[in-house]
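What's counted below: heavy atoms across the whole structure, side chains too, no hydrogens, waters or symmetry copies. In this chain, numbering begins with 1 at the start of the sequence shown.
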Amino acid sequence: MILDTLGVGLLGTTTEVFHKALQYSKIYSTDITSTVWGQSDVRLPPLYASFVNGVAVHSMDFDDTWHPATHPSGAVLPSLIALSESYLGNQRPSGLDLLLAFNIGIEVQGRLMRFSKEARDIPKRFHPPTVVGPMGSAAASSKFLSLNQSQCREALAIAASYSGAPMANVATQTKPLHIGNAARHGLEASCLAYLGLEGNKNIFDLETGFGAFYNDYDPQSLPSLDSFTWLLEDQDVAFKRFPAHLGMHWVADAASAARRHIVGNNGLLPVDSIKKIVLKFPDTKYVNRPFPTSEHEARHSFQFNACTALLDGTVSVQSFTENNISRPNLRELLSKIQVVHPSDNKPNFEKLYCEVTITMQNGDTFSERCDTFYGHWRKPLSKEDLVCKFRSNASTVLSNDGVEGILETVYRLEDVADCSVLSDFLKLRNEPLEKHKETILH
């Protein structure tokens, strides 16, 4: 999760929304600064470093997804990396410290979502990372800062007042701000709690507290520490193969399989020979976009991703460029789509499926269904493919030394004496890797 988040974040520093967030954040300055990923000449106050790096992580919707539905890592990791080189004074947090705080940040998000059955479905009102993300960031930051129990309680109460953003801004440039704000606000809540700011100590028990975000919120006592198990041991995350909403991976795999039935010897799709395309997917309005006009809408369109997979045989980072979105043959395919919402197809990442049926002009029909795409927790990416994804993403902005340094550090994180070494590799720099060996080794 840490490796994938760093990779998609580094790729995300090439996006327009990241540069807008960075330009804004440069108006803030302080003596204490943290690294902006992929930038060798820019440092920001830790709050704003965690903000812009969080924006980068989600700028292309390429980050991990959990069940119940949220993007857990992007709200936590930017805060911890910013903290690792700034607020801890003479303390040098180890890789093991980072791993523990990261896991706590993920765990808190998962526990909170399990207090609601509503949270298990694809959301309708609030974007989940804005609800549980600030809580996860606050929990992780509080652990990393070694706050006492009372301060941790206050940090979570404060973070709750930073939570919540509407789904209406999904598929716009504002959506990546949701992750950036979650990371920043959780860190900010921890800093304010450290300074003595107080909130409602019963924030998790009240309908007017955290219960305001769910219609069926039902908090339960957690098991005692002697019988406590991590949620990640039972519920893994999904890693995406291309930068789009998770649901798009089902329809892309189904469409790619259907394409193999009709593609010509020249490898090209006979667009004119297709009469109609029927897509079956859950009734979820914000990812039902018949004719997307921007990259962010395209990342949230079942129709676009199905047609892209049919036309090209795959969906990739390049699929969402303006030129690819506006291709005449793609628009022609989009005009042939009919959508069906079967009653048994639930808007739930554990249960949903996608089916693509193509009817040719001569009457032939070809159909393929995807119940579990490659990258889902039931069919996880291999370590080799995850590393390949990281290298592809990170190498867009980092030198080879930076890419390989992150890989080596992350996969030995529990043995790393000073986890702030990650920040050295997250910059655009060309120094040889040997310069950093002493810092990496325990």
Side-chain angles (χ1 to χ4, degrees), residues 60-62 65 69 122-124 167-172 175 240-263 268-349 352-361 365-371 373 375:
M60 301 173 75
D61 218 313
F62 211 177
T65 305
I122 295 174
K124 295 179 180 179
M167 288 295 295
N169 270 326
V170 168
T172 73
K175 188 190 180 195
K240 300 177 179 179
R241 305 192 319 273
F242 58 87
H245 181 276
L246 194 70
M248 306 307 106
H249 291 66
W250 274 276
V251 79
D253 278 12
S256 295
R259 180 183 191 271
R260 289 192 281 271
H261 295 293
I262 59 175
V263 71
L268 300 177
L269 186 77
V271 176
D272 293 339
S273 299
I274 296 175
K275 182 178 181 179
K276 70 176 181 179
I277 305 165
V278 177
L279 301 184
K280 293 182 179 180
F281 57 81
D283 186 8
T284 307
K285 290 182 173 57
Y286 79 96
V287 282
N288 183 358
R289 299 177 185 272
F291 294 96
T293 58
S294 71
E295 62 164 299
H296 297 283
E297 289 183 357
R299 298 184 201 281
H300 295 79
S301 167
F302 275 111
Q303 294 91 327
F304 174 85
N305 286 273
C307 289
T308 297
L310 284 172
L311 199 58
D312 302 329
T314 188
V315 184
S316 69
V317 172
Q318 289 71 36
S319 299
F320 302 94
T321 63
E322 184 176 346
N323 286 340
N324 279 329
I325 292 171
S326 59
R327 287 180 290 174
N329 50 1
L330 180 68
R331 310 304 284 186
E332 182 181 349
L333 279 179
L334 286 169
S335 69
K336 298 182 179 187
I337 283 184
Q338 297 177 12
V339 172
V340 176
H341 302 305
S343 59
D344 68 335
N345 201 348
K346 304 301 182 184
N348 180 304
F349 292 145
L352 77 80
Y353 65 88
C354 287
E355 189 172 303
V356 177
T357 301
I358 302 170
T359 302
M360 310 301 288
Q361 297 289 1
T365 300
F366 305 96
S367 184
E368 290 286 350
R369 168 171 162 161
C370 177
D371 293 295
F373 66 87

Would you indicate whether the side-chain heavy atoms of [Y] and [X] approach each other to under 4.5 Å?
{"X": "Asn324", "Y": "Leu330", "answer": "no"}
{"X": "Asp344", "Y": "Tyr353", "answer": "yes"}
{"X": "Phe242", "Y": "Ser319", "answer": "no"}
{"X": "Val356", "Y": "Leu279", "answer": "yes"}
{"X": "Leu269", "Y": "Ile274", "answer": "yes"}
{"X": "Leu310", "Y": "Ile358", "answer": "yes"}
{"X": "Val271", "Y": "Leu311", "answer": "yes"}
{"X": "Met60", "Y": "Arg299", "answer": "yes"}

Check: Can you say whether the rings of His341 and Phe281 are parallel (under 30°), tilted (30 to 60°) or perpendicular (over 60°)?
Finding: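 Taking Phe281 first and then His341, their aromatic rings stand perpendicular (interplane angle over 60°).
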
Do you know which two heavy atoms are closest between [X] and [Y], and how far apart they sit?
{"X": "Tyr286", "Y": "His245", "result": "OH-NE2, 2.9 Å"}
{"X": "Ala244", "Y": "Phe320", "result": "CB-CZ, 3.9 Å"}
{"X": "Ser256", "Y": "Ala309", "result": "OG-CB, 3.6 Å"}
{"X": "Ala257", "Y": "His261", "result": "O-CD2, 3.6 Å"}
{"X": "Ala298", "Y": "Pro292", "result": "N-CB, 3.6 Å"}
{"X": "Ser367", "Y": "Glu355", "result": "OG-OE2, 3.6 Å"}

With sequence neighbours excluded, tell me which residues meet salt bridge (Lys or Arg N to Asp or Glu O under 4.0 Å) with [X].
{"X": "Arg331", "result": "none"}
{"X": "Lys336", "result": "Glu332"}
{"X": "Lys346", "result": "none"}
{"X": "Asp283", "result": "none"}

Separation of [Y] [atom2] from [X] [atom1] (nearest 0.5 Å):
{"X": "Leu334", "Y": "Arg327", "atom1": "CG", "atom2": "CZ", "result": "10.0 Å"}
{"X": "Thr365", "Y": "Ile262", "atom1": "OG1", "atom2": "CD1", "result": "11.0 Å"}
{"X": "Leu246", "Y": "Phe349", "atom1": "CG", "atom2": "CZ", "result": "5.0 Å"}
{"X": "Cys354", "Y": "Asp253", "atom1": "SG", "atom2": "CG", "result": "9.5 Å"}
{"X": "Ile277", "Y": "Thr357", "atom1": "CD1", "atom2": "OG1", "result": "10.5 Å"}
{"X": "Arg260", "Y": "Glu368", "atom1": "CZ", "atom2": "CD", "result": "7.0 Å"}

Check: Got a sec, which pairs hit side-chain hydrogen bond (donor to acceptor under 3.5 Å, both in side chains) with one end in residues 300-311, sequence neighbours left out?
Finding: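 Residue pairs passing side-chain hydrogen bond (donor to acceptor under 3.5 Å, both in side chains), neighbours aside: Asp61-His300, Lys175-His300, Asn288-Gln303.
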
Check: Do Arg289 and Phe304 meet the cation-pi criteria used here (NZ or CZ under 6.0 Å from the six-membered ring centre, within 45° of the axis)?
Finding: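 Not flagged: Arg289 not positioned over aromatic ring of Phe304.
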
Item checked: Under the ring-ring contact (aromatic ring centres under 6.0 Å, His included) test, residues paired with Phe291 that sit two or more places apart ->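 With sequence neighbours excluded, Phe291 shows a ring-ring contact (aromatic ring centres under 6.0 Å, His included) to no residue whatsoever.
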
Margin query: Between Thr293 and Glu297, is the side-chain hydrogen bond (donor to acceptor under 3.5 Å, both in side chains) condition met? List the steps.
Written below: CA-CA 7 Å; Thr293 58; Glu297 289 183 357; 3.2 Å; yes

